[in-house]
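A quick write-up on the structure given underneath.
For ligands, and for the atoms within them, numbers begin at 1 and follow the listed sequence. Atoms considered below: every heavy atom in the structure, side chains included; atoms not considered: hydrogens, waters and symmetry mates. Along the sequence shown, the residues carry numbers beginning at 1.
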Amino acid sequence: MKTRGYAVLQAKEPLVPFEFERRELSAKDVGFDIEFAGICHSDIHQAREEWGPALFPMVPGHEIVGTVTEIGAAVKDFQIGDRIGVGVFIDSCRNCENCKKGLQQYCLEGMTGTYNGYERNSQNIAFGGYSNKFVINEDYAVKVPANLDPAGVAPLLCAGITLYSPIKHWKVGPGSKVAVMGLGGLGHMGVKFAAALGAEVTVLSHSPNKASDAKLMGASNFVVTKESDWSKSYKKYFDLILNTVSADLDLEPYLNTLRTDGTLVVIGLPGKPYSVNAGTLLNGRRSISGSMIGGIPELQEMLDFCGSNNILSDVEIISADYINQAYDRTVASDVKYRFVIDAKTF
Ligand code: NAP
Ligand code: ZN
Ligand code: ZN
C-alpha cells in the first residue's frame, strides 16, 4: 500500500518527506486513513538517538487516529467508517502472563513498537504515524468515541494512557494529593485525569507562564520549581508524584515532598540515571516506582472515560512541513500542550 510520510533518514538529522509501502491487509488487519498524529517527546528522543542506537529510516509517531477504509476477511470489531486509534505498540507475543492479563506493554518477550523496530516475526521495518495511511491487526487497535474531536484524541494514545494508567494503579480519587512534574504533553493529561477523579492537583513546573493554563486544566496549585526553596512549603505533603519531566533532574527536593508511604512514579525517560539518597526513602517509607504506557484494555477504558467526561488533549495543529520546528519547540517546553500533525498535509 503506497504511503506518504516524513522520516528521519539518519540519527539527529531533520525529518524529510518519505514514500514507502505498507503491507497489504491480511485477514485480521484493518486499514485506515490517518487523520492526526501527535508528536511525543519519545519520538524526539529516538530520532536523536538519546536512548541508544535506533533503526533508520525512522517514521516516528505513536499517537495515531484515523478512519477505517478497509477490513480483512476475519475482522470482527471494526467496520469501514469507524474512527480508530493506535498507540505505542502494534503487537506482542499474546501468550505470556502479562499479555494474557492485557498488560501487553510489559510483554515478557517485549512489545512490538509502532516504529524503531521490525514488525513481529518479520524483516519489515515498522513505520509509525507521521504518514497518511496505516495497517494494524485489529487486536492492537482501539475504538475512538464518536463525540470526541480527533485532533485532541491523538495524544491520548500515548500521553493520555501513560498518565491514566498510574493514576488508576495508585487509586487516585477524592482526598488524594497528587503532584504532576512538568506541564507538557504527558503532564497536562495527568492534571486533567487526576482532577476529573476528584484529587487535589499541584503542578510542579519550571515554566512560570503556564500557571493560568494549569488552573484551567483543573490544578489547585502551581509551583515554580526554579525558586530554590519551593519544596519547603510542601514538605511531606503529596501522596503521589507523577514525574513526566523529559530532562535530567535532581529528585531529592521532590522526594522530600512525599508523605509517609508516598510514591514518586518515574514516567519521563531522560536517558540518564537518577541519583537518590537512601535516607530520603527510609524516612517515611517512601517509594520510587515506574510506569510505562498501558495495555489495550486500559487504553480502551481511558478513551471511553474521555468520551464520557469530554476530556481531550490541548493541541496545536501543524502541517507536516512544520515537524522540525515543532521538535525544537517541544524540547524548549514551548507547546500548548501537544503538537498534532494534520495527516492531509503528508
Ligand atoms: P514534553 O511535552 O516535552 O513535556 C516535558 C515537560 O518536562 C516540559 O513541558 C517541561 O514542563 C518539563 N521540562 C522539560 N525540560 C525541563 C528541564 N530542563 N527542567 C525541568 N523541567 C523540564 O514531553 P512529553 O511528550 O510529555 O514526554 C515527557 C517524557 O516522558 C519524555 O522523556 C518521554 O520520552 C517520556 N515518555 C514516557 C512514557 C512512558 O510510558 N513512561 C510514555 C511517553 C513518553 P514545564 O515547562 O512545566 O516545566
Ligand atoms: Zn509517546
Ligand atoms: Zn507477551
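- Of all the atoms in ligand 1, the ones that sit under 4.0 Å from a non-hydrogen atom of Gly184 are 2 (O), 4 (O), 9 (O).
- Nearest protein heavy-atom contact of atom 19 (N) of ligand 1 is His206 CD2, 3.7 Å.
- In this structure, SG of Cys93 and SG of Cys96 enclose an angle of 110° at the Zn ion (ligand 3), rounded to 10°.
- At least one N or O atom of Ile293, backbone or side chain, sits closer than 3.5 Å to an N or O atom of ligand 1.
- Nearest protein heavy-atom neighbour of atom 12 (C) of ligand 1: Gly182 CA, 4.0 Å.
- Nearest to atom 33 (C) of ligand 1 among the protein's heavy atoms is Ser42 OG, 3.4 Å.
- When hydrophobic clusters are built by joining Ile, Leu, Val, Met, Phe, Trp and Tyr residues whose side-chain heavy atoms come closer than 4.5 Å, directly or via intermediates, Phe238 is grouped together with Ile288.
- For Asp304 and Gln300, the side-chain atoms include at least one donor-acceptor pair closer than 3.5 Å.
- Nearest protein neighbour of atom 32 (O) of ligand 1, counting heavy atoms only, is His45 NE2, 2.8 Å.
- Only the side chain of Thr162 comes within 4.0 Å of ligand 1, judged by heavy-atom distances.
- Side-chain N/O atoms of Thr67 and Glu35 include a donor and acceptor closer than 3.5 Å.
- Taking the centre and axis of the six-membered ring of Phe78, the NZ or CZ atom of Lys143 falls inside the cone set by 45° and 6.0 Å.
- For Gln105, the heavy-atom gap to ligand 1 stays at 4.0 angstrom or more.
- Listed by number with element, the atoms of ligand 1 under 4.0 Å from a non-hydrogen atom of Lys210 are 9 (O), 11 (O), 45 (P), 46 (O), 47 (O).
- Looking only at distances, a side-chain donor or acceptor of Arg22 sits under 3.5 Å from a matching main-chain atom of Phe127.
- Protein heavy atom at the shortest distance from atom 7 (O) of ligand 1 is Val245 CA, 3.6 Å.
- The shortest N/O to N/O separation between Met292 and ligand 1 does not fall below 3.5 Å.
- Looking at Glu298 and Ser165, their side chains do bring a donor and an acceptor atom within 3.5 Å of each other.
- Looking at Ser291, Pro155, Gly87 and measuring to atom 41 (N) of ligand 1, the nearest heavy atom belongs to Ser291.
- Ser205 places a side-chain N or O within donor-acceptor distance of the main-chain N or O of Ser207, the cut-off being under 3.5 Å.
- Judged purely by atom type and a 3.5 angstrom limit, Arg259 has no side-chain atom pairing as donor or acceptor with the backbone of Asp239.
- Comparing heavy-atom distances from atom 2 (O) of ligand 1 across Gly185, Cys40, Ala332 singles out Gly185 as nearest.
- Listed by number with element, the atoms of ligand 1 under 4.0 angstrom from any heavy atom of Gly268 are 29 (C), 30 (O), 32 (O), 35 (C).
- Set against the non-hydrogen atoms of Ala247, the atoms of ligand 1 under 4.0 Å away are 15 (N), 16 (C), 17 (C), 18 (N).
- With respect to atom 26 (O) of ligand 1, the closest heavy atom belonging to the protein is Leu186 N, 2.8 Å.
- Residue contacts with ligand 1 do not include Ala159, since none of its heavy atoms lies under 4.0 Å from the ligand.
- Taking any N or O of Val331, backbone or side chain, none lies under 3.5 Å from an N or O belonging to ligand 1.
- Checking side-chain atoms of Thr114 against main-chain N and O of Phe89 turns up a donor-acceptor pair under 3.5 Å.
- Between Trp51 and ligand 1 there is a heavy-atom distance shorter than 4.0 Å.
- Residue side and main chain included, His41 places no N/O/S atom under 2.8 Å of the Zn ion (ligand 2).
- Glu63 places no side-chain N or O within donor-acceptor distance of the main-chain N or O of Ala37, the cut-off being under 3.5 Å.
- Using a 4.5 Å cut-off between side-chain heavy atoms of Ile, Leu, Val, Met, Phe, Trp and Tyr, with links allowed through other members, Leu299 and Val86 fall into the same hydrophobic cluster.
- Looking only at heavy atoms of the protein, atom 25 (O) of ligand 1 is closest to Arg338 NH1, 2.6 Å.
- Remark: ligand 1 and Tyr337 share no N or O pair separated by less than 3.5 Å (distance only, no angle test).
- The atoms of ligand 1 that sit less than 4.0 Å from any heavy atom of Thr244 are 5 (C), 28 (C), 29 (C).
- By the criterion of side-chain heavy atoms lying less than 4.5 angstrom apart, applied directly or through intervening Ile, Leu, Val, Met, Phe, Trp or Tyr residues, Phe134 is not grouped with Val59; the two fall into different hydrophobic clusters.
- For the residue pair Asn221 / Thr202, a side-chain donor-acceptor distance below 3.5 Å is found, with atom types taken as modelled.
- Those atoms of ligand 1 with a heavy atom of His41 less than 4.0 angstrom away are 1 (P), 3 (O), 23 (O), 24 (P), 25 (O), 27 (O), 31 (C).
- Near Thr330, meaning under 4.0 Å from any of its heavy atoms, are these atoms of ligand 1: 3 (O).
- In terms of modelled atom types and a separation under 3.5 Å, the side chain of His45 and the main chain of Pro270 share no donor-acceptor contact.
- The option from Val266, Leu163, Ile267 that lies nearest to atom 35 (C) of ligand 1, judged by heavy atoms, is Ile267.
- At a 4.0 Å heavy-atom cut-off, ligand 1 does not touch Met181 at all.
- Atom 10 (C) of ligand 1 has as its closest protein heavy atom Ser333 OG, 3.4 Å.
- A salt bridge links Lys28 with Glu138: at least one charged nitrogen is closer than 4.0 Å to a carboxylate oxygen.
- Note that Lys177 lies in the cation-pi zone of Tyr237, set by a 6.0 Å cut-off to the ring centre and a 45° limit from the axis.
- For ligand 1, the atoms lying closer than 4.0 Å to a non-hydrogen atom of Ser205 are 45 (P), 46 (O), 47 (O), 48 (O).
- In this pair, Phe305 and Tyr164 present their aromatic rings tilted. The plane angle is within the 30 to 60° band.
- Comparing Ser246, Gly38, Cys158 against atom 43 (C) of ligand 1, the shortest heavy-atom distance belongs to Cys158.
- Using the six-membered ring where Trp is involved, Tyr327 and Tyr130 have ring planes that are perpendicular, over 60° apart on the 30 and 60° scheme.
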